Amino acid sequence: MKKVLNIVGARPNFMKIAPIVREMRRRKDEFLPLIVHTGQHYDEAMSDSFFRDLGIPKPDYHLEVGSHSHAVQTAKIMMAFEPIVLAEKPDWVLVVGDVNSTIACALVCAKLGVKVAHVEAGLRSRDRTMPEEINRILTDAISDLLLTTSQDADENLKAEGVTADKIKFVGNVMIDSLFYNLEKSRNSKAREDLDLIDKDYAVLTLHRPSNVDEKEVFTSLLDALILISEKIPVIFPVHPRTRGNIERFGFAERVKSSNIRLIEPLGYLDFMNLYSSAKLVLTDSGGLQEETTALSIPCLTLRENTERPITIELGTNKLVGTNTEKIKQAAFEILENSSKKDKQIPPLWDGHAAERICDALL
Ligand code: UD1
């Protein structure tokens, strides 16, 4: 029987942990799964609603850390998590993704000699100004088992000197959640409530510090988004960081008088109901690049780089950066050319990654 502490902290963690914990609970002779929520995200719309939608059991431990600078947030998580590891003596601690909770909990375990498995290992944007890139590199360097979503990640790890026996290509567990919940999301009223049934629309998400914390970059993006919204309504569930900056930079009036519709952040099922019928998705999120590839929805990524190149090679993703003209042209091209290109779903994005993750832990 393997006792596993499963770590969640921020919004993009919940859909990765849900299928893993479900599979561990199904295999109850083999696993005793516990859930630790660091509290990095805490709003109802950023956390609790995901537990409900994804059917994740209530956390066994809640560290209630909240928002702080990177150093303070990471340190607070480490301080609160260490006594739990000492008391529970788990066989494995399982961390997912690349948020501050991921590195904080992995580092505690590395120092205590407790084994860490990292789900979504090996992704690299090669942009060290991204906080997530630092979290990814460091977490991989101290994890005992590196579970990857695509083979380019295996290659990245090997190039950094990781031995092959530590790396296991298991596929994409976030796509397990997507396929598991797609039918359920059709019952959501999100599109109906927004009066979008049978209508064409684009969906936008934007929250990277490099895009929304700098006024000049945000202006360049906003100029493009307003031009696009003249052709197609742009539905924009706004992350709290971005909402704050729209106010701070004085963008609220421009947005209000455009065809960009600002709405509150949506829950997992409501958001899937929305983007799964979109003509086009514009985003700087990592997860959404993968979800649109799995559903063959055209995606423009508003960044200069991606740690998920497979979504470009095989999927529907295109990197367009932050230049107004480039973004506008790429969007217009998609809107004018409705013929779908032949796209592939990447290998092992098949809804069974959680089973392979559990096998790897044994
Ligand atoms: C974090 C992750 C990022 C992930 C994103 C998804 C790190 C370094 N970053 O960034 O990788 O893509 O989550 O959302 O781990 N806030 C709220 N309510 C909340 C949470 C945050 O209002 O529930 C506000 C706070 O004012 C906070 C700000 O949003 O200061 C940013 O939150 P934070 O967790 O620091 O970073 P994210 O931008 O959410």
Side-chain angles (χ1 to χ4, degrees), residues 7-17 36-54 59 62-78 80-81 95-107 118-121 123-125 127-140 174 177 204-214 217-218 236-249 262-268 271 275 281-291 301-303 305-308:
I7 311 300
V8 289
R11 184 168 64 176
N13 296 157
F14 304 124
M15 58 295 275
K16 294 167 195 164
I17 279 289
V36 179
H37 189 338
T38 66
Q40 178 174 347
H41 284 174
Y42 42 85
D43 282 350
E44 150 72 26
M46 301 293 284
S47 175
D48 288 1
S49 86
F50 285 81
F51 274 75
R52 274 198 308 280
D53 279 2
L54 292 157
H62 203 305
L63 311 185
E64 294 180 358
V65 161
S67 301
H68 303 277
S69 71
H70 284 263
V72 172
Q73 186 174 65
T74 308
K76 277 182 174 261
I77 296 169
M78 290 180 70
F81 184 52
V95 297
V96 299
D98 54 18
V99 301
N100 286 345
S101 302
T102 311
I103 175 64
C105 292
L107 186 51
H118 182 205
V119 171
E120 210 183 70
L123 299 182
R124 296 290 182 266
S125 68
D127 173 2
R128 290 199 180 196
T129 65
M130 277 180 90
E132 294 80 5
E133 182 74 352
I134 304 296
N135 292 344
R136 288 189 280 261
I137 292 168
L138 297 182
T139 304
D140 287 341
M174 202 184 60
S177 267
L204 164 70
T205 79
L206 207 57
H207 74 285
R208 295 266 156 236
S210 58
N211 279 340
V212 302
D213 286 1
E214 285 170 47
V217 181
F218 202 165
F236 184 12
V238 193
H239 186 279
R241 172 190 288 279
T242 313
R243 163 97 50 196
N245 287 343
I246 288 173
E247 296 297 329
R248 190 158 65 92
F249 296 148
L262 254 58
I263 59 172
E264 288 304 309
L266 293 174
Y268 185 71
F271 187 56
Y275 75 76
V281 168
L282 299 131
T283 192
D284 61 5
S285 143
L288 201 46
Q289 296 172 50
E290 298 183 341
E291 289 163 330
T301 294
L302 308 170
R303 288 172 45 191
N305 52 58
T306 179
E307 60 288 337
R308 292 161 161 90

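This is a predicted model, so every value here is computed, not measured. Note that ligands are numbered from 1 as they come in the structure, with each ligand's atoms numbered from 1 the same way.
Annotation: Asn135 places no N or O atom under 3.5 Å from an N or O atom of ligand 1; distance criterion only. The shortest N or O to N or O distance between Arg241 and ligand 1 is under 3.5 Å. Annotation: Gln73 places no N or O atom under 3.5 Å from an N or O atom of ligand 1; distance criterion only.
When hydrogens are left out, the protein atom nearest atom 2 (C) of ligand 1 is Val99 CG1, 3.8 Å; that is the closest non-hydrogen contact. Of all protein heavy atoms, the one lying nearest to atom 25 (C) of ligand 1 is Ser67 OG, 3.4 Å. Atom 1 (C) of ligand 1 has as its closest protein heavy atom His41 NE2, 3.8 Å. Among protein heavy atoms, atom 24 (C) of ligand 1 sits closest to Pro240 CB, 3.8 Å. When hydrogens are left out, the protein atom nearest atom 7 (C) of ligand 1 is Gln40 NE2, 3.6 Å; that is the closest non-hydrogen contact. For atom 6 (C) of ligand 1, the closest non-hydrogen atom of the protein is Pro12 CD, 3.5 Å.
When all heavy atoms of Leu206 and Thr242 are compared, the closest pair comes out as O-OG1, 2.5 Å. Considering every non-hydrogen atom in both Pro240 and Asp43, the closest pair reads CG-OD2, 4.4 Å.
Proximity to His207 (heavy-atom distance under 4.0 Å) selects the following atoms of ligand 1: 4 (C), 5 (C), 6 (C), 12 (O). Residue Tyr42 has at least one heavy-atom neighbour below 4.0 Å for each of these atoms of ligand 1: 16 (N), 17 (C), 18 (N), 19 (C), 20 (C), 21 (C), 22 (O), 23 (O), 25 (C). Of all atoms in ligand 1, listed by their number and element, those nearer than 4.0 Å to a heavy atom of His239 are 14 (O), 37 (P), 38 (O), 39 (O). Interface atoms of ligand 1 facing Glu132, defined by a heavy-atom separation under 4.0 Å, are 3 (C), 9 (N), 11 (O).
Residues Thr139 and Asp98 are not in side-chain contact: their nearest non-hydrogen atoms beyond the backbone lie 4.5 Å or more apart. Between Val8 and Pro59, the closest side-chain pair of non-hydrogen atoms is not below 4.5 Å. Side-chain contact between Glu132 and Thr102 is absent, with no heavy atoms from C-beta onward closer than 4.5 Å. Val96 is not listed as a side-chain neighbour of Glu120, based on a closest heavy-atom distance of 4.5 Å or more. Looking at Tyr268 and Phe14, their side chains never come closer than 4.5 Å, going by heavy atoms from C-beta outward.
With a heavy-atom cut-off of 4.0 Å, Met46 touches ligand 1 through its side chain alone. With a heavy-atom cut-off of 4.0 Å, Pro209 does not touch ligand 1 at all.
The salt bridge (charged side-chain N to carboxylate O under 4.0 Å, His left out) with Glu307 is formed by just one residue from the set Arg136, Arg124, Arg128; it is Arg136.
With sequence neighbours excluded, the residues that form a ring pair (Phe, Tyr, Trp, His ring centres under 6.0 Å) with Tyr275 are Phe271.
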### Task
For His70 and Ile134, run side-chain contact (heavy atoms from CB on, under 4.5 Å): C-alpha distance rounded to whole Å, both residues' side-chain angles, the deciding distance at 0.1 Å, then the answer.
CA-CA 12 Å; His70 284 263; Ile134 304 296; over 6 Å; no
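Contact between His68 and ligand 1 is absent, with no heavy atom of the residue lying under 4.0 Å from the ligand.
Counting heavy atoms only, Asp43 comes closest to atom 18 (N) of ligand 1 of the residues Asn100, Asp284, Asp43, Val212.
Within the 6.0 Å centre-distance limit, the rings of His37 and Phe51 are counted as a close aromatic pair.
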